[in-house]
Structures are given as C-alpha cells and as structure tokens.
Amino acid sequence: MSAETTAVKSDFIRTAVREDLASGRFTYVRTRFPPEPNGYLHIGHAKAMHIDFEIAREFGGTCNLRFDDTNPLKEEQEYVDAIIEDVRWLGYQWDGLFFASDYFEQLYEFAVKLIKKGKAYVCDLSPDELREYRGTLTTPGRESPWRNRSVEENLDLFARMRAGEFPEGSRTLRAKIDMASGNINLRDPVMYRIIRAPHHRTGTKWCIYPTYDFAHGQSDSIEGITHSLCSLEYEDHRPLYEWFLRELEIFAPRQIEFARLNLSYTVLSKRKLIQLVREGYVSGWDDPRMPTLRGLRRRGYTPSAIRDFCARIGVAKADSMVDIAMLEHSLRDELNRTAPRVMAVLRPLRVVLENYPEDKVEHLEAINNPEDPSAGTRLVPFSRVLYIEQDDFMENPPPKFYRLAPGREVRLRYGYFIRCVDVVKDAQGNIVELRCTYDPQTRGGNAPDGRKVKATIHWVSAAHAIPIEARLYDHLFTRPDPDNTEEGQTFLDYLNPRSLEVVTGFAEPCLADSPVGKHYQFERLGYFVVDPDSRPGHLVFNRSVTLKDAWARANQNG
RNA sequence: UGGGGCGUCGCCAAGUGGUAAGGCAGCGGACUUUGGAUCCGCCAUUCGUAGGUUCGAAUCCUGCCGCCCCAGCCA
C-alpha cells in the first residue's frame, strides 16, 4: 500500500485548515498552485503541488493553477505551456486556470484606491537611492523625499506612469508604511515599477507592472483563495500580504508557510538548474539526471511514484534535506508491483554449452511478473551459445560469492543448471568466453535429484538476443549537499563524473517492439524505461533505479 | 547589535501536560528459480541545552546554544 492512501495526515497546515473551518473563518477550502513561468517544474514543485492540491481535495475544496506572471523580463509562454503539461502529467486537476496578468486592470484600480487613501505614493528615487534609503538589517531606513506628495499629484503621476510618459526605472509606486520597521518588507515596499518590455500575455498594453507583493495576495483574494500555501521565505512578507488586504478592505485569505524540499545529491535552485543546462553539464531540461519533472519522467519516474514520495516526506516548517533514497524507494515500490520482468545482459560474457546440440533451440516459459499473476508468462529462446553478465562469474571467488566460478554449478533462470568447465582467455589474459555443460534433467530450473545451487543468474541466447543501449545513471553530484560548498568551490566541483555510463548489451527478443516510456525490470539489475532516443532496431533504455543489491552493499562495506 | 522562523533516532516526521507513532536507511533471521520482493525481529529511558512550574513536561515558563530566511524596481 502506498503512503498516499494510508498516511494519517495531521501536519500543521491541515490542523490550521481544520481550525479555520471549525471556527467559521472560512466555510470552504480553496488553494492555488502559483508557479512563475520562468523555468521548468521540478521535484520541489511537486511537493508544493501535492500540498496545494491534496489539501484542497481532502477538505472537499478546489485548487487553482495560477501563473505568477508579473515580470515580463523573465517570463515566457514556452514555460507556461511546459508547466501546464507537467502539472497534468503529475496527475493534478486544477479548478480554474488563471494568470496574475488577468488581474492587471483590477490591480491598477487597487493601487489607485491606496493612493486615494494616502497609503501609496509615487517615488522618484533611483534604484540606487532606493536601496540607500531603505537602511540595513540593523539600521532603520529614511523616508523618501517624495513620500508626502499630494493625493492629486500621486494620482496624476501614477496615471502618467501607466501612460508611458517616464523612462524605465525612473519612478515607482510605493506603499506608505513604515521606514523604521524591523521588517524590511514594510519599509515602503515597491508596488509598481516601470518596465518597457512586452509581456507574453498582455503584449505592450502595459509598461508598469505590479510586484509580487502587490499582486499575489490580491490575486488570491480575487479568486477567493482561503489558504495561500507558500514556502518559508515568504514568512516575512505575510505582514505586508495582510496589510494590503486590510487597507484594500477585500477578502483576506490566510497565508501559511512550509519548508521547501531539499533532496540529497541534487540541487533544486532554478539558477543552478539553468546553469547545468546552459553550460552543457546535462543534455537538457529533460536529462534523466535532472530533478525536473521532465527529467524524472524521462528517467522512468511515474507520476504516482512522485506523488507517493510527496506523501511520505510530509510537510513541516523545519529546514530539512530528504534522502534521495526515499524517492528511489517510492519508484521501486511501484515498479516492483507493475513492471514486467525481462532478461537483459548489460556487460556480456559469452558462454558456450558444450553438450547442448548446435542447432537446437528451445522456448522456455518465464513468468512476466511474480508480483502480478495476471501478467502471465512468455517464452524465451534458449540455445547453445548464451550471454551472461560478466559480474556473474569470478575465476577466484571470495567466500560469499554465490555465482558462477570454475567447476561450480548455478541455475540459469527459467533454464537449466550449468557448470563451468573451462575459462577461455585472450592474449592479454582477459576472460572472453566460458565453456560450460548443462544438465538436461534440470529444464525449467529444478533438479530431479533435489540438488541445490546457490545462485540463479540471468542470460540471453546469443543467436536470438537483440542489441540494446543502456544508459546507467547515478546521482548527479558526489556529495549529499552540493549547495554547501567549501572555500573557493562551487556546486559544479561536486558533479559526479560517473553520473552516466553508456553500455551496449543484449536483451531477450520480446523487447523488440517496446514503445517509448515502457517500463521493465531487467531481472537482477534494476528498472529500465525505453528512452525517446530509441529508433527502430536500436532500443535505448534508461536505468530508472537499481534493484536493492545485498551483495553490492556487503562488498561496499568491506 | 534589527526583524521573522526552526531545533524529536543516520534521514524525513507524528506528538499540543499523562509517561516518545510511522516511513526511509541500517542490522539480524525466515522464505526465495531475481543476493529482488515478502515475512518476522532489532533500531530515541529520551525530545538542542541549563534551570523552573507540576503528582507528572518533548509538550508550560526563563535563560543560553545552534541553524535558516530578509537589505531586487525577482518571485
């Protein structure tokens, strides 16, 4: 059972929502997922969406998808389209699809209202002056010399700002609050700035744009959002969020902040993700090593596995770093139940069965998924020359190595017991072939005399196998916390040089017509998914996640 | 030396005055034609720390320590 359906949800947000409903502060629940269309969604957004959409659903409410598109310098339609696609892919159904830019006219009216109340003014300070006047963390700011303009003058100036009479950056509209506040967000924050750039939705209609602070809460209010759930860095903005709503005398949603996701062995900051793409450290936003939704999808992560992960990690206010092993667990948990098993050899070692007839071919029955009887069985061709995994043979095996070795007998899965009788090497001493014998009595994998073998290994018939390319991925970074850099280093110094290894192997013929996106378990190796780079006759598989491997673990720990 | 937050097992995370859930990871063992899966068991006398209140404190109070966020006309 997945955490998604069984977890008892009693986090601080749900507790607050419950209280708000009980107290009558709200009579319904409405949330919103508010991405800025300036980049691709990643696993951190999945956490946010899980919180926004699931809480709404649990309380019989709805969740809107609203783009926070108040900065035309950074936002693009391309991202809007990609985000919509990714939200859908993750499996979330929004109620309304909105844009902050839908509210520009209304927001302008709100600003006018504040000016009329004497709560906002047009300021002529330059960006540098504004910073200087703001003061510092420990010293109060100074009031702008333009702070006490008359309402009439402010109204006139603001209208002319909108009309495009002033150059970019020359003036701002500011809220008149408190330049001495310990909370810097309250030191007369900018509400509107002049930006002479076309907006992806409103075109050139506007040359003044509201800031996040002046747009977000009012957008929430307009949509009747009850709970505006966001990340911790907005905690300092809550007093401002509430100030605007109060001064505007409009419906006031409740903002609640939670800790954003940090995942070990990866980075989630937009800036760093962009750098990885732009500077070519990965192949693109959908590189299977990227924590983007598109990267995860291509890697073989399913929407339900990602949602299960989000349910498992919970939500709280403490900064934390979730072990990526949890994400991997959610994937394995699902794929173990659903992925058909198949045999593929990634690092082939040729095996010749000396006593197996030259031209004989048998078709052996194999179970498609032991976790799901309804998946049925298939026939796998077997013949004299096979490939097995190089790792499954050792000439001088250590005590705990159960697999094939000179003179030793193992079982070929769904096949026969075979015994290694000779090792063939090339001039350099590399093992190039194994000569083995098989026991005809053990067809299917059981010995009539009841003798046991210590290991079962996978194989493919050389004459029937199809070649495949397999891309073996590992963590993108070598350190659990690549953001935490040492003196003189950057996160790039911790990139894992072995995060991708490409090998060419062989798989049983039933894989031949696998569609892109099809998941398999390559027995004893891991879960793999068909990559879009696949072409007829050239299948490419991405390793989504390995199987847990007690042997590898024991070896690692010495 | 300003303001806002946070500190419960290696990693997440419940708990909101009545005597420390659960998950991940790990470690044993059973079973096994995947060294997978599954099953069983182990894994915080203790909740950053020092005091205080109380019959009783992770939960209340006080002090201290540590970590995170804020000085964009970004979101």
Below 3.5 Å between N/O atoms, which protein atoms pair up with nucleotides 15-20 of chain B? Just atom names and distances, please.
{"residue": "G15(B)", "atom": "OP1", "partner": "Ser10(A)", "partner atom": "O", "Å": "2.9"}
{"residue": "G15(B)", "atom": "OP1", "partner": "Ser10(A)", "partner atom": "OG", "Å": "3.3"}

Taking only nitrogen or oxygen atoms into account, show me every contact under 3.5 Å that the protein makes with nucleotides 73-75 of chain B, one pair per line with its distance.
{"residue": "C73(B)", "atom": "OP1", "partner": "Arg134(A)", "partner atom": "NH2", "Å": "3.2"}
{"residue": "C73(B)", "atom": "OP2", "partner": "Arg134(A)", "partner atom": "NH1", "Å": "2.9"}
{"residue": "C73(B)", "atom": "N3", "partner": "Gly169(A)", "partner atom": "O", "Å": "3.1"}
{"residue": "C73(B)", "atom": "N4", "partner": "Leu125(A)", "partner atom": "O", "Å": "2.8"}
{"residue": "C73(B)", "atom": "N4", "partner": "Pro127(A)", "partner atom": "N", "Å": "3.2"}
{"residue": "C73(B)", "atom": "N4", "partner": "Gly169(A)", "partner atom": "O", "Å": "2.7"}
{"residue": "C74(B)", "atom": "OP2", "partner": "Arg193(A)", "partner atom": "NE", "Å": "3.2"}
{"residue": "C74(B)", "atom": "OP2", "partner": "Arg193(A)", "partner atom": "NH2", "Å": "2.8"}
{"residue": "C74(B)", "atom": "O3'", "partner": "Arg193(A)", "partner atom": "NH2", "Å": "3.2"}
{"residue": "C74(B)", "atom": "O2'", "partner": "Asn71(A)", "partner atom": "ND2", "Å": "3.3"}
{"residue": "A75(B)", "atom": "OP1", "partner": "Thr70(A)", "partner atom": "OG1", "Å": "2.6"}
{"residue": "A75(B)", "atom": "OP1", "partner": "Arg193(A)", "partner atom": "NH1", "Å": "3.3"}
{"residue": "A75(B)", "atom": "OP1", "partner": "Arg193(A)", "partner atom": "NH2", "Å": "2.9"}
{"residue": "A75(B)", "atom": "OP2", "partner": "Tyr212(A)", "partner atom": "N", "Å": "2.9"}
{"residue": "A75(B)", "atom": "O3'", "partner": "Asp68(A)", "partner atom": "OD2", "Å": "3.4"}
{"residue": "A75(B)", "atom": "N6", "partner": "His237(A)", "partner atom": "NE2", "Å": "3.1"}
{"residue": "A75(B)", "atom": "N3", "partner": "Tyr234(A)", "partner atom": "OH", "Å": "2.7"}

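Across the protein-nucleic acid pair, Ile256(A) atom CD1 and G5(B) atom C1' stand 15 Å apart, rounded to whole Å. Regarding Lys47(A), its NZ atom lies at a distance of 11 Å from the C1' atom of A13(B), rounded to whole Å. Tyr265(A) has its OH atom 13 Å from the P atom of C11(B), to the nearest Å. For the pair Leu525(A) CG and G35(B) P, the interatomic distance rounds to 10 Å; values are reported in whole Å. Spacing between atom CG of Leu240(A) and atom P of G4(B) amounts to 15 Å, rounded to whole angstrom units. Atoms OH (Tyr133(A)) and P (G72(B)) sit 16 Å apart, rounded to a whole Å. Between Leu232(A) atom CG and C70(B) atom C1' there is a gap of 12 Å when expressed in whole angstrom units.
Of the nucleotides present, none pairs with A14(B) by Watson-Crick or G-U wobble criteria with both distances under 3.5 Å. Across all strands shown, C43(B) has no partner, as no Watson-Crick or G-U wobble contact with both distances under 3.5 Å is found. Base pairing of G66(B): its partner is C6(B), meeting the Watson-Crick or G-U wobble criterion (both donor-acceptor distances under 3.5 Å).
The structure places OH of Tyr527(A) at 8.0 Å from CZ of Arg332(A), a figure rounded to the nearest 0.5 Å.
Side-chain N/O atoms of Arg524(A) include one lying less than 4.0 angstrom from OP1 or OP2 on G35(B). Phosphate proximity of A37(B) to Arg332(A): absent, as no side-chain N or O sits under 4.0 Å from OP1 or OP2. Between Ser320(A) and A13(B) there is a side-chain polar atom (N or O) within less than 4.0 angstrom of OP1 or OP2. The phosphate of U34(B) has neither OP1 nor OP2 within less than 4.0 Å of any side-chain N or O from His458(A).
Side-chain atoms of Glu371(A) stay outside donor-acceptor range of the base of U38(B), with no qualifying N/O pair under 3.5 Å. For G3(B), its base sits under 3.5 Å from the side chain of Asp236(A) at one donor and acceptor pair at least.
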Walk me through whether Glu328(A) and Tyr301(A) qualify under side chain to side chain donor-acceptor pair (under 3.5 Å). CA-CA 9 Å; Glu328(A) 296 172 340; Tyr301(A) 272 82; 5.1 Å; no
